[in-house]
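All residue numbers in this chain count up from 1 along the given sequence. None of the values given here were measured: they were computed from a predicted structure.
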Amino acid sequence: MKIYIAGPMSGVEHFNFPNFHKAASQLRNAGHEVVNPAEICPDTSLGWAECMKRDIVRMLECGAIALLDGWERSRGARIEAELAKSLGLRVDLLVCYLEPVEVSV
């Protein structure tokens with residue numbers, strides 16, 4: 001499954017990139033393809049709106065969203081989760097996606 005990671009960035013030390021990268025690694029180890037906003041827009045000087053535009057375009061390629069701790073306090077993550085739900089994507093906490101994926105041969 002292709003999963004987008006959503007969570008708080010603004011106002012968090014190092015824009016929360018370490019937690020986004022850790023989540024991406026965990027999801028990849030579980031067999032998922034991952035879209036990580038910290039990889040999409042590593043240049044934080046671009047500003048919130050520009051990064052959100054880039055992130056949402058990539059989010060729309062996914063079938064699901066993994067929510068990081070504190071997502072509910074993030075304006076961007078709330079927007080992403082609401083949009084994803086409205087478009088029929090699966091939206092769940094990160095932990096719900098960490099079981100290894102069985103691959104058919």
Working for side-chain contact (heavy atoms from CB on, under 4.5 Å), residues W48 and M9: CA-CA 9 Å; W48 183 87; M9 287 183 154; over 6 Å; no
Applying side chain to side chain donor-acceptor pair (under 3.5 Å) to H21 and not counting sequence neighbours gives N36
Do other residues, nucleotides or ligands put more than 12 heavy atoms under 6.0 Å from the NZ atom of K22? no
Kindly work out whether a path of hydrophobic side-chain contacts (I/L/V/M/F/W/Y, heavy atoms less than 4.5 Å apart) joins W71 to L87. yes
Do K2 and E61 have side chains that get closer than 4.5 Å, going by heavy atoms? yes
Group every Ile, Leu, Val, Met, Phe, Trp and Tyr by side-chain heavy-atom contacts under 4.5 Å, then state whether V95 and I5 land in the same group. no
Taking side chain to side chain donor-acceptor pair (under 3.5 Å) as the test, write out the residues that go with R75, two or more places apart. none
Is the count of non-hydrogen atoms from other residues, nucleotides or ligands lying under 6.0 Å from F15 atom CZ greater than 12? no
Residue pairs, two or more places apart or on separate chains, that pass disulfide bond (SG atoms under 2.5 Å apart) and touch residues 64-97: none
Pair Q26, Y97 - check side-chain contact (heavy atoms from CB on, under 4.5 Å), show working. CA-CA 9 Å; Q26 291 174 317; Y97 299 101; over 6 Å; no
Is the count of non-hydrogen atoms from other residues, nucleotides or ligands lying under 6.0 Å from E13 atom CD greater than 12? no
Any pair with a residue in residues 26-59 that passes disulfide bond (SG atoms under 2.5 Å apart), sequence neighbours left out, goes on the list, sorted by first then second residue, please. C41-C51
Where do D55 and P37 come nearest, in terms of heavy atoms and distance? OD2-CB, 3.7 Å
Judged by atom type as modelled, is there a donor-acceptor pair below 3.5 Å linking the side chain of N16 to the main-chain atoms of V12? no
Verify same cluster id: M1, L27 (apolar side-chain graph, 4.5 Å): yes
Does L60 belong to the same Ile/Leu/Val/Met/Phe/Trp/Tyr cluster as I3, with side-chain heavy atoms less than 4.5 Å apart forming each link? no
For A38 against F17, the heavy-atom pair lying closest together: CB-CD1, 3.6 Å
When you compare the side chain of L83 with that of M59, does any pair of heavy atoms fall below 4.5 Å? yes
Where do A77 and S74 come nearest, in terms of heavy atoms and distance? N-OG, 3.1 Å
Excluding sequence neighbours, so at least two apart, what forms salt bridge (Lys or Arg N to Asp or Glu O under 4.0 Å) with R78? none
In plain terms, say whether E80 and R58 are close enough for a salt bridge, that is, a side-chain N and a carboxylate O under 4.0 Å apart. no
Determine whether I65 and R90 make a side-chain contact, defined as any pair of heavy atoms from C-beta on separated by less than 4.5 Å. no
Is any side-chain heavy atom of L89 less than 4.5 Å from a side-chain heavy atom of Y4? no
Determine whether V34 and I56 fall in the same hydrophobic cluster, where Ile, Leu, Val, Met, Phe, Trp and Tyr are linked whenever their side-chain heavy atoms lie under 4.5 Å apart. no
Got more than 12 heavy atoms from elsewhere within 6.0 Å of CG, D92? yes
Taking atom CG of D69 and atom CG of L93, what is their separation to the nearest 0.5 Å? 7.5 Å
Linked hydrophobic residues, L46 as query - side chain contacts closer than 4.5 Å: none
